[in-house]
Amino acid sequence: MEVLACSVLEYILNRHPDSRDGLNELLARIVPGMRLSGMDFETEVAHPKLGRLDVLQRGDDGEGRFVIEAKFDAPLMSTQPVSYLEQLPEAGVSALMFLVPTLRVEELWPRLLGRLDRKGLPYSDLEYPRCVRIDGMDKHLCIIDWTTLLDSMKEPLESDEFGRADLRQLRGLARFAEAKESKARLPGKEMVEAVTEIGKAAGWLATRTVAGRGSYQPTPRGDDYGRYARLDRLYKLGVWLGINSDLQQKSGSTPLWVWCQDWIFDGGQGWNAEVKAILQARMGSKLHEVGNQLWVPVIPEGGNEPNRYAAALERIVGILDELAEPWQSDAIVLEEVSRPYKQRVMNNVHRSEYVEAIVALALKNSGWTRMTPWDSRDFEHESGVRLEVKQSAAAQAWKSPERQSPARFDIAHRTGYWDEKGNWVPKPGRHADLYVFAWHGADKNTADQRDAGSWEFYVVAERDLPEQKSVALTVLQEVTSPCGIDAVAAAVDPVAGS
């Protein structure tokens with residue numbers, strides 16, 4: 001159905017050029033500086049790295065500047081959106097637009113941004129709420145629903161009888177697909193009951209009496225379905241759990257919501273300012289406040305099955321648990337554990353672990369495995385090559401003397417190492433084939449060692465290191481050139497291969 005819809009869209013845009021006027025106006029609101037070229041649109045365009053592109057328009061220079069990836073019920077491909085953005089031209093304005101049913105806009109947009117975040121691809125928000133610009137480039141990523149796109153093309157075709165007829169057919173196809181998608185994705189009674197049963201079985205949801213509300217029973221709101229319950233782990237809060245289709249349409253978010261109000265579920269602490277404060281602190285703009293009612297969205301990750309909605313609701317339960325016994329909350333404990341790593345200037349131990357972590361993220365798709373703290377090397381490649389990470393910084397956590405010692409890194413030979421079975425192997429030497437030296441040169445007044453982009457990395461083979469206990473930064477600078485964290489994998493691979 002997606003292929004058919006894209007083919008009809010391409011046909012209308014090429015056969016009825018006036019339809020491009022509406023699309024141009026829409027693009028002008030979404031992507032600053034973006035304008036369609038005079039070239040024809042193409043569908044199912046073969047690409048050597050991406051497979052087939054749904055809809056493509058090339059710029060007047062022949063470069064593919066506007067790509068539409070259409071979805072009805074299909075999942076995102078593993079290469080979307082990062083690899084697609086990488087293939088857009090480096091110069092000039094370009095855009096990758098995901099065209100999806102209305103119900104999927106808020107489902108897919110966070111996932112698209114999440115993939116940019118995981119790849120370390122920085123971006124900036126624009127005026128249009130679901131469009132971002134990749135930092136340092138004029139590449140854009142946006143998402144829009146079929147209805148909005150087709151509505152933009154309607155008015156310019158008022159005087160084109162055949163164009164209006166073709167557009168009506170495409171709108172009918174899109175409505176049919178969206179209705180099918182809506183029916184498949186909108187959870188009702190079955191979804192609420194399934195989530196309730198999962199919560200009860202796991203012990204974090206109860207279905208006893210609500211004070212002043214009678215016995216626990218289904219409580220519809222208009223055409224929507226829901227139940228009173230109690231979130232029932234450490235902090236016990238009375239809620240209404242169910243579908244709110246009005247809020248779903250207004251927010252473009254999940255259909256499943258928790259309603260917190262000023263009533264108390266039997267045996268629970270009830271609704272108060274502390275509950276509101278912690279939910280707002282953790283979930284922010286996702287919440288919807290109507291009078292004295294607070295609506296909390298239950299947003300699943302990775303799919304729309306009951307277990308994913310239940311997992312999302314349990315995360316809300318975890319937030320509330322922080323009000324009862326903070327030391328038992330995973331979030332609070334992890335926050336405390338991570339505190340030393342959130343210092344602008346870290347101490348040597350935490351800085352070392354931080355640098356290893358960012359190098360691990362940089363190498364995660366290159367065949368490297370991070371070893372345990374007791375191993376003789378920090379990383380090992382699937383080919384058997386061993387890698388050690390060393391770090392140093394100009395700014396230190398303690399009060400350092402005004403005259404700093406020249407930067408040096410420990411490269412001393414060791415007397416042996418612990419093998420995988422925990423046995424000591426008395427083998428003198430260096431136990432890595434390759435070294436990554438990380439250097440942070442900012443002084444204490446300006447340093448922010450949490451910023452991965454502010455570190456320099458020097459990749460050197462062990463055979464090129466001098467036979468001494470430490471090596472100066474100036475020596476490394478004579479051996480190799482520095483690179484940023486985004487180029488570490490590209491710098492490591494050829495040295496490891498040799």
Side-chain angles (χ1 to χ4, degrees), residues 71-78 80-81 98 100-118 130 143 145 177-207 218 224-234 237 239-260 279 282-288 294-322 329-331 334:
K71 303 286 182 188
F72 283 127
D73 58 357
L76 292 174
M77 297 171 59
S78 61
Q80 293 173 341
F98 282 82
V100 303
T102 305
L103 281 176
R104 299 199 72 188
V105 170
E106 289 301 326
E107 170 202 346
L108 293 181
W109 185 236
R111 296 187 195 176
L112 292 169
L113 295 184
R115 292 185 177 188
L116 297 185
D117 293 334
R118 285 193 294 275
R130 298 182 190 90
I143 193 168
D145 61 276
E178 290 207 347
K180 179 182 177 183
E181 179 74 8
S182 173
K183 186 175 181 180
R185 290 181 177 271
L186 181 63
K189 175 180 178 180
E190 294 78 10
M191 179 62 73
V192 174
E193 292 298 326
V195 171
T196 299
E197 291 305 313
I198 292 171
K200 288 171 64 176
W204 48 260
L205 188 141
T207 57
D224 294 334
Y225 180 90
R227 283 189 174 277
Y228 287 110
R230 186 177 75 191
L231 303 183
D232 196 53
R233 199 156 55 190
L234 300 180
L237 175 68
V239 300
W240 181 89
L241 170 67
I243 308 302
N244 189 325
S245 52
D246 291 339
L247 272 184
Q248 182 194 9
Q249 292 177 4
K250 290 177 182 177
S251 67
S253 184
T254 174
L256 191 62
W257 294 74
V258 167
W259 168 33
C260 305
L279 289 173
R282 291 307 209 83
M283 303 187 72
S285 60
K286 296 178 182 178
L287 305 177
H288 284 264
L294 189 70
W295 289 89
V296 183
V298 183
I299 304 175
E301 295 179 355
N304 290 274
E305 299 81 15
N307 63 311
R308 297 187 186 274
Y309 279 97
L313 182 56
E314 188 176 7
R315 286 193 290 273
I316 296 171
V317 173
I319 294 172
L320 295 171
D321 284 348
E322 298 171 23
S329 164
D330 290 346
L334 289 174

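The structure presented is a predicted model; accordingly, all values stated were derived computationally and were not measured.
- In this view, E305 and R308 satisfy the side chain to side chain donor-acceptor pair (under 3.5 Å) rule, not counting sequence neighbours.
- Contact between D145 and P101 at its shortest, heavy atoms only, is CB-C, 4.2 Å.
- Summarising the geometry of W240 relative to G226, their closest heavy-atom pair is CZ2-CA, 3.3 Å, with the distance given to 0.1 Å.
- Ring geometry, W259 versus W295: the interplanar angle falls under 30°, so the pair is classed parallel (tilted spans 30 to 60°).
- With sequence neighbours left out, the side chain to side chain donor-acceptor pair (under 3.5 Å) criterion links R130 to E106.
- Atom CG of L287 sits about 8.0 Å away from atom CH2 of W257, to the nearest 0.5 Å.
- Heavy-atom minimum distance, L237 versus C260: CD2-SG, 3.9 Å.
- Across all non-hydrogen atoms, the minimal contact from R115 to M77 is NH1-O, 2.6 Å.
- Here M283 contributes atom CE and I299 contributes atom CD1; the two are 5.5 Å apart, rounded to the nearest 0.5 Å.
- Side-chain contact check for N244 versus H288: every heavy-atom pair is 4.5 Å or farther apart.
- Here the closest non-hydrogen pair linking F98 and L76 is CE2-CD2, 3.8 Å.
- The side-chain heavy atoms of L112 and L116, taken from C-beta on, include no pair separated by under 4.5 Å.
- Remark: R118 pairs with no residue by the salt bridge (Lys or Arg N to Asp or Glu O under 4.0 Å) rule, at least two apart or across chains.
- Looking at R227, its side chain never comes within 3.5 Å of a backbone N or O of E193 through a donor-acceptor pair.
- Partner of W204 under the side chain to side chain contact (heavy atoms under 4.5 Å, CB included) criterion, chosen from L320, V317, D321: V317.
- Taken to the nearest 0.5 Å, the CD1 atom of I198 stands 12.0 Å off from the OH atom of Y309.
- Within the 4.5 Å cutoff, side-chain heavy atoms of L241 are placed close to those of L205.
- Looking at residues two or more places apart in sequence or on another chain, you find a side chain to side chain donor-acceptor pair (under 3.5 Å) between D117 and Y123.
- Minimum heavy-atom separation, I316 to P297: CD1-O, 3.7 Å.
- Applying the side-chain contact (heavy atoms from CB on, under 4.5 Å) criterion to A311, with sequence neighbours excluded, gives R315.
- Note that CG of L108 and CG of L113 are 11.0 Å apart. Values are rounded to the nearest 0.5 Å.
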